[in-house]
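Okay, so here's the structure we're looking at.
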Amino acid sequence: MSSPLAPRARPRPPGLYRAARALRRLGTIALVLTVVFVAVVGISAVQIVKSRPQVGTSSIALEPNGTVGYDTSFSLSNPTYFAIQSFGLQFRILNASGGLLLADGTPVTSIPAGSSATVPVTLFLPLSAGTSSLLTVDQYLDWNVWGNATYGYLFPVSLQVATERAWGAPFANLTVSVGAPVMMGGTVEVPVTISFSDDASFADVGTLAFQVVSSGGAVCSSSSLVLDVPAGSPYTDTDDVPVASGCNPAGGEVQSQYIVNGASIPLPPEAIP
Amino acid sequence: MSAVPSPAAAAIPRAAPPPVTGYRVPSLGYRILAGGLRLVPLIVLLIGLPVGLASFLAAHGIAPPIPIATIELFGIALSVLITLRYILRPTGAYGPLAIATAGVGLLYLYLLLVTATYAIAIPGAHVTVSVGYERLILLLMIGPALALTAGVLTLIEDVSAPKERLPFDYPA
């Protein structure tokens, strides 16, 4: 029971006043919370950069599916309180003639707060696009790599790195020349000279099969060479191959295949003058 | 056994608390002085820091998301409006000024929203970093939107019952 001597109760403000005041306070609280949250996210993002994302060791090889396989990995540590969401890498690779070799990416994943993740990267580059073959032409490839993620629930972030990477062809400057036919013990043989340089980062270990084809499309002769050419080494060899009777290789071409790991990878044909 | 009220207490009628009629509005000179002092941090926050950051980026070959002149224009407009709103708070101009301040703030944020993906090409490094901040701007718009609504309510209150809020804004 209130006493007449007790302090007078403060009157309640009108409804409109109270509503306006509550809205102003809510707005201020929302602003302050947003600013504090953004500051914490910013500080956390610096921790990710400091944790030094790393690209693992890479390997390149000719694959049985007739492509160049590129394997590597990308490691990212997230020592913060926010998950890295929708993280993925996208690749776009062009060859020297501007042909699109690859437009692909890694599966999208999330890296929870306080954890690390290693994303495997496996790319298969077709051997040719446009006029430039990765098998026989040393060239610079245009690599565009995007790393995409959402951090702190609010910020989609994309990091694009554009580089030119030198590509060394495993059969650089391949030439196949056919000499004049000679009679050897009752059969006609032609000397076929094959030369190239293995400018790739891997050895050419396999079999080089070739066929001498006439201008009419008939196979005059065929043979094969066993290859074990270390990376960075030149190669030249001549093989005398018998020619089928009545078959004239002049004006035809030499078709060759590199056989490795059970796969047959065709090399560009060489015309016979 | 129930208590029997004394005759004196029973004689006093129970009534609602009387409305507050006393208030003390600071003088116009005081409000101008205080408003001027408040202008200093406002200029630092709304003009100095953003323009400094944009100039720093521009000096390093990185274009800011919106022109520096736009940042200056909105910074000046917001600083002036916030100061005027403070000075004229006891008057009927407070509601419209609150609406105008929130509206300019929303317009400023909208300009940032339409360019809410900011790409920074790091000179000489063939690296481009893009950051989207659309959701951040939308969150920041909550404050001015609420302030705009509050301004409308205050305007309605000032029109329907002038000076009704003064005892609560400036209690004696």
Side-chain angles (χ1 to χ4, degrees), chain A residues 1-39 41-42 45 49 85-86 90 142-165, chain B residues 3 5 8-9 12 14-21 45 94-95 98 102 105 116-122 125-161 164-169 171:
Chain A
M1 182 175 170
S2 64
S3 155
L5 298 176
R8 272 198 320 199
R10 189 178 178 80
R12 201 173 187 206
L16 277 176
Y17 182 90
R18 279 186 280 124
R21 186 177 60 187
L23 287 174
R24 277 196 299 270
R25 286 177 179 171
L26 275 177
T28 305
I29 290 169
L31 180 65
V32 170
L33 287 179
T34 304
V35 170
V36 169
F37 181 76
V38 169
V41 168
V49 175
Q85 300 165 306
S86 307
Q90 291 291 322
D142 280 331
W143 280 64
N144 281 282
V145 184
W146 289 266
N148 303 312
T150 297
Y151 186 66
Y153 310 103
L154 296 181
F155 301 101
V157 182
S158 176
L159 178 73
Q160 181 196 0
V161 180
T163 55
E164 275 196 339
R165 301 181 68 165
Chain B
I12 299 172
R14 303 286 298 279
V20 175
T21 53
L45 276 175
Y94 177 69
T117 297
Y118 186 36
I120 304 170
I122 298 172
H126 302 292
V127 174
T128 304
V129 181
S130 300
V131 180
Y133 46 87
E134 184 181 339
R135 292 178 203 168
L136 169 66
I137 299 296
L138 288 173
L139 269 183
L140 287 173
M141 287 174 110
I142 291 174
L146 291 173
L148 184 74
T149 312
V152 171
L153 293 180
T154 303
L155 178 62
I156 294 170
E157 185 183 19
D158 283 349
V159 169
S160 60
E164 180 187 54
R165 61 184 171 83
L166 293 185
F168 306 101
D169 279 343

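All figures in this text were calculated on a predicted structure; none of them were measured in a lab. Within every chain, numbering begins at 1; the chains are lettered A, B, ... in the order of the sequence lines, protein sequences first and strands thereafter.
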Need one label for A:V38: side chain, backbone, both or neither, based on atoms under 4.5 Å from any heavy atom in chain B.
side chain

What residue, out of B:A161, B:A119, B:S130, has the most heavy-atom pairs lying under 4.5 Å from chain A?
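Top option by heavy-atom pairs under 4.5 Å: B:S130.
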
Without placing hydrogens or testing angles, list every side-chain donor-acceptor pair under 3.5 Å for residues 28-37 of chain A, not counting sequence neighbours.
unit_1 : atom_1 : unit_2 : atom_2 : d
A:T28  : OG1    : A:R24  : O      : 2.9
A:T34  : OG1    : A:A30  : O      : 2.7

Which of the residues A:A19, A:G15, A:A20, A:G27 is involved in the greatest number of heavy-atom pairs with chain B at under 4.5 angstrom?
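Among the listed options, the one with the most contacts to chain B is A:A20.
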
Quick one: which residues of residues 145-155 of chain A reach chain B at under 4.5 angstrom, heavy atoms only?
A:T150, A:Y153, A:L154, A:F155

Less than 3.5 Å apart, which donor and acceptor atoms pair up between the side chains of residues 136-160 of chain B and the rest of the protein, not counting sequence neighbours?
unit_1 : atom_1 : unit_2 : atom_2 : d
B:T149 : OG1    : B:A145 : O      : 2.9
B:T154 : OG1    : B:A150 : O      : 2.9
B:D158 : OD1    : B:R165 : NE     : 2.8
B:D158 : OD2    : B:R165 : NE     : 3.3
B:D158 : OD2    : B:R165 : NH2    : 3.0
B:S160 : OG     : B:I156 : O      : 2.9
B:S160 : OG     : B:E157 : O      : 3.3

Please check if atom CD in B:E134 has more than 12 non-hydrogen atoms from other residues, nucleotides or ligands closer than 6.0 Å.
no

Scan residues 14-35 of chain A for pairs that pass ring-ring contact (aromatic ring centres under 6.0 Å, His included), counting only residues two or more places apart or in two chains.
A:Y17-B:F168

